[in-house]
Amino acid sequence: MKGLIALVDCNNFYASCERVFRPWLHGLPLAVLSNNDGCVIARSQEVKDLGIAMGTPMHHLPREAFERGLVLCSSNYELYGDMSARVMATLREFTPHLEPYSIDESWLSFEGFDRAALPDHCQKLCGVVYKWTGIPVSVGAAPTRTLAKLANRHAKKHTATQGVFVIESANSPDTLALLERTPVSEVWGIGGRVTTRLYEMGIHTALDLARANPKWIRRRFSVVVERTARELAGTRCIDMNDAHDSKQMIMTSRSFGQMTADRHEVAEAVRAHAARGAEKLRRQRSLACALRVTVRTNRHMLHLPQDHDSITLALPRPTDNTFEIVRAAQRALQRLWKDRGIRYQKCGVQLMDLIEATGQQLDVFQPPQPTADREKSERLMSALDQLNGQYGRGTVTVGVQRQNAAWQLRSNHRSKRWSTRWDELPTVRLQ
DNA sequence: TCTGGGGTCCTAGGACCC
DNA sequence: TCTGGGGTCCTAGGACCC
């Protein structure tokens, strides 16, 4: 008999992070905004209770919310990233088998763990995480990941569970009843498109999907939906993948603070994204073989000329060197640029065909880079990363990066980076 | 005025080969 | 009027997730 797998999920993560260092925000409706203060990407319970949906544009927020004292925060990823690392470090105290899944979720394997003792163990885990980090978490445990997601959702929704819910078996009457109460649209992996089609076939609940013939599901949908169906019925199809630490593609893109038709301004943004991408590349010790630059107009402003275009270039050799990557990105933008006064809203740089930096394949047709050159490049890049790491991103940039350029982000409500910047440390006054 | 960013996986279909 | 079939590889795009 296999052990259970648990999903630990931070409650209203970004909103909870904001409250750790500003406890007076507890009880107030608090929403965190996307980049450029565009739309709501995280909500405290009070905001959910006001019926404000995820993704609501800031300018559509109802006046009633402000009357109730709504607090808006620009996203502060430096803070969230650091708080996430603290939560993960705490979780590692409870099991060596931990797989971070997103900034606020982790899978924990309890292989070989006494099932009867699991609920208490998880309850203890919640308590310690809250005490050490200030972040409330919920735990769902089950034989499969899809069921663990469901268990977690149940734990969050019902206060009687005190944040922990364990599904011991996929076939118990309690589990079947839970599946029957769960609309199929709320199952992990079932999105809007698939939901519509499932409804047409008379599949409305998680239980309907669990009982459907997997072969038939595969024929009508895909292997992905088939796996979801099997997981609901208790067969593990999605496994822990500890081998998968490094990304297969690195993407850096942003909407501009304001639209711009200025080629130099877009070039500046492309340089910044390329440099940032190269940094991420070095951090996971990969080299990129190709790169894609994308530009896009504002798709909500249909009265303006629209353009959405991208160009993919092969890099002359696999590289993680900022200068080489920036140069290639500039070249791509040059080829992409249309001199028609189109106002762009967003651009991005994608680094693709990543390979491991150590296992670099030598190209028969390319002379290998001389060792001295390579070492010089590596020293330069690590100096760059160190400076930007120590003194903050943007300390050393490639080419000019003007402050207040149109493409720079708007973030008018950002809280302090209390835990990662010396000059933003909180102060405590003793009464 | 104002509508996020970064990922993964899968499938269909075209190109090409024998 | 007829104009193979099967395999592989690659890419674009769909769908979903957080």
Side-chain angles (χ1 to χ4, degrees), chain A residues 7 9-14 31-43 52-61 72-77 80-81 84 100-107 145-146 149 152-153 184-198 218-228 237-239 241 244-259 269 273 276-277 280-281 284 290 292 294 296-304 308-312 314 343 345-354 406 409-413:
Chain A
L7 177 71
D9 192 328
C10 301
N11 302 346
N12 313 325
F13 182 55
Y14 295 171
V32 178
L33 301 169
S34 64
N35 280 327
N36 281 320
D37 295 341
C39 54
V40 173
I41 54 166
R43 306 160 295 161
I52 294 171
M54 201 68 165
T56 305
M58 183 168 75
H59 60 278
H60 284 177
L61 287 170
L72 293 176
C73 300
S74 302
S75 32
N76 184 346
Y77 288 107
Y80 310 149
S84 170
Y101 175 62
S102 74
I103 194 164
D104 70 333
E105 285 169 285
S106 265
W107 299 105
R145 291 189 185 220
T146 307
K149 271 271 181 189
N152 189 287
R153 200 179 128 270
V184 73
S185 59
E186 290 184 17
V187 172
W188 183 50
I190 303 298
R193 301 299 181 98
V194 172
T195 297
T196 312
R197 288 172 54 203
L198 284 171
R218 178 179 195 145
R219 229 177 319 116
R220 305 299 295 267
F221 295 91
S222 66
V223 63
V224 184
V225 183
E226 180 199 0
R227 279 203 287 251
T228 300
C237 302
I238 309 171
D239 249 322
N241 56 343
H244 226 66
D245 287 346
S246 47
K247 316 246 180 271
Q248 301 172 25
M249 178 201 84
I250 287 173
M251 164 107 163
T252 315
S253 71
R254 290 278 180 290
S255 292
F256 304 145
Q258 288 158 39
M259 292 189 289
H273 295 332
R276 177 81 187 111
K280 294 184 193 169
L281 204 55
Q284 70 164 39
R292 171 183 292 158
T294 309
R296 196 177 86 188
T297 48
N298 187 331
R299 62 206 153 107
H300 299 287
M301 299 202 168
L302 294 172
H303 58 285
L304 294 175
H308 184 176
D309 206 354
S310 70
I311 277 191
T312 308
R343 298 172 68 203
Q345 162 72 18
K346 181 175 178 178
C347 70
V349 175
Q350 240 179 91
L351 298 172
M352 306 185 306
D353 300 346
L354 307 190
L409 287 181
R410 272 167 311 177
S411 87
N412 295 326
H413 312 277

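Every chain is numbered from 1, with letters handed out A, B, ... down the list of sequences.
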If you apply the rule side chain to side chain contact (heavy atoms under 4.5 Å, CB included), what do you find for A/Leu198 with A/Phe221, and how did you get there?
CA-CA 9 Å; A/Leu198 284 171; A/Phe221 295 91; 3.6 Å; yes
Rounded to whole Å, the CD1-P distance (A/Ile238 to C/dC16) equals 14 Å
So what does A/Met301 touch, heavy atoms closer than 4.0 Å: a base, only the sugar-phosphate, or nothing? sugar-phosphate
Salt bridge (charged side-chain N to carboxylate O under 4.0 Å, His left out) filter on A/Glu226, not counting sequence neighbours, yields A/Arg218, A/Arg230
In terms of heavy-atom contacts, A/Lys280 and A/Met251 come closest through NZ-O, 3.2 Å
Taking 4.0 Å as the cut-off, does a side-chain nitrogen or oxygen of A/Arg254 come that near to OP1 or OP2 on B/dG6?
yes
Nearest-nucleotide check on DNA chain B, A/His59 vs A/Lys280; residue mapping nearer the 5' end is A/His59
Whole-Å distance, A/Asp37 CG to B/dC2 P, equals 14 Å
Atom CZ of A/Arg145 and atom P of C/dC17 are separated, to the nearest Å, by 15 Å
Whole-Å distance, A/Lys247 NZ to B/dG6 C1', equals 9 Å
A/Arg410 atom CZ is separated from B/dG5 atom P, nearest whole Å, by 11 Å
Heavy-atom side-chain contact between A/Val194 and A/Val224 under 4.5 Å:
no
### Query
Is the shortest side-chain N/O distance from A/Lys149 to OP1 or OP2 of C/dC18 below 4.0 Å?
yes
**Asked** What distance, rounded to whole Å, do you find between the two C1' atoms, one in C/dG4 and one in B/dC16?
**Response** 15 Å
Assign each of A/Tyr14 and A/Ser222 the nucleotide of DNA chain B bearing its closest heavy atom; nearer the 5' end lies the nucleotide of A/Tyr14
Hits for side chain to side chain contact (heavy atoms under 4.5 Å, CB included) against A/Arg43, two or more places apart or cross-chain, chain-then-number order -> A/Val40, A/Val47, A/Lys48, A/Met54
Per atom distances to the A/Ser253 side chain, the nearest of B/dG5, C/dA15, C/dC18 is B/dG5
A/Arg296 atom CZ is separated from B/dT3 atom P, nearest whole Å, by 11 Å
Just distance, no hydrogens or angles: give the donor-acceptor pairs under 3.5 Å from side chains in residues 345-353 of chain A, sequence neighbours left out.
none

- If only side-chain N and O atoms of A/Gln248 are considered, is one of them under 4.0 Å from the OP1 or OP2 phosphate oxygen of B/dC9? yes
request  = Could you check if a side-chain atom of A/Leu304 sits within less than 4.5 angstrom of a side-chain atom of A/Asn298, using non-hydrogen atoms only?
outcome  = no
*Which is true for A/Ser75 with a 4.0 Å heavy-atom rule: it touches a base, it touches only sugar-phosphate, or it touches nothing?*
nothing
To the nearest angstrom, the CD-P distance between A/Gln284 and B/dG6 comes to 14 Å
Task: side-chain N/O A/Gln345 vs B/dG4 OP1/OP2, d < 4.0 Å - done: no
A/Ser34 meets the side chain to side chain contact (heavy atoms under 4.5 Å, CB included) criterion, sequence neighbours left out, with A/Cys39, A/Ile41
Q: Would you indicate what A/Gly348 reaches in the nucleic acid, counting non-hydrogen atoms under 4.0 angstrom: base, sugar-phosphate, or nothing?
A: nothing
Those stems involving DNA chain B that have three or more consecutive Watson-Crick or G-U pairs, both distances under 3.5 Å, are B:5-18 with C:5-18
Rounded to the nearest 0.5 Å, the CD1 atom of A/Ile103 sits from the OH atom of A/Tyr14 at a distance of 4.5 Å
Inset, instruction - Answer yes or no: does a side-chain N or O of A/Lys346 lie under 4.0 Å from OP1 or OP2 of B/dT3? - result: no
Which of A/Asn36, A/Asp37, A/Asn35 passes side chain to side chain donor-acceptor pair (under 3.5 Å) with A/Ser74? It is A/Asp37
A/Ser255 has its side chain closest, among B/dG4, B/dC10, C/dC16, to B/dG4
What contact category does A/Ile190 fall into here, base, sugar-phosphate, or nothing, at under 4.0 angstrom with non-hydrogen atoms? sugar-phosphate
The nucleotide from B/dG7, B/dC10, C/dC18 with an atom nearest the side chain of A/Tyr101 is C/dC18
What does A/Ile250 touch in the nucleic acid at a heavy-atom separation under 4.0 angstrom: a base, only the sugar-phosphate, or nothing?
sugar-phosphate
(message) Classify A/Gln258 by what it touches in the nucleic acid, base, sugar-phosphate, or nothing, heavy-atom distance under 4.0 Å.
(response) nothing
Can you pull every protein N or O that's under 3.5 Å from an N or O on nucleotides 12-14 of chain C?
none

*asked:* Over all strands shown, is A/Asp104 touching base, sugar-phosphate only, or nothing at heavy-atom distances under 4.0 angstrom?
replied: sugar-phosphate
Taking every heavy atom of A/Asn152 against every heavy atom of A/Leu7, the minimum-distance pair comes out as ND2-O, 2.9 Å
Nearest heavy-atom contact between A/Thr252 and A/Arg276 is CG2-CG, 3.9 Å
(message) Any base atoms under 4.0 Å from A/Met251, or only sugar-phosphate, or nothing? Heavy atoms, all strands.
(response) sugar-phosphate
- Message: Considering every strand and a 4.0 Å limit on heavy-atom distances, what is the contact class for A/Arg227: base, sugar-phosphate, or nothing?
- Response: sugar-phosphate
The nucleotide from B/dG5, B/dT3, C/dC18 with an atom nearest the side chain of A/Asn298 is B/dT3
Here the distance between atom P of B/dG6 and atom CE of A/Met352, to the nearest Å, is 15 Å
* Determine the contact category for A/Val40: base if any of its heavy atoms lies under 4.0 Å from a base atom, sugar-phosphate if only primed atoms, P, OP1 or OP2 are that close, otherwise nothing. => nothing
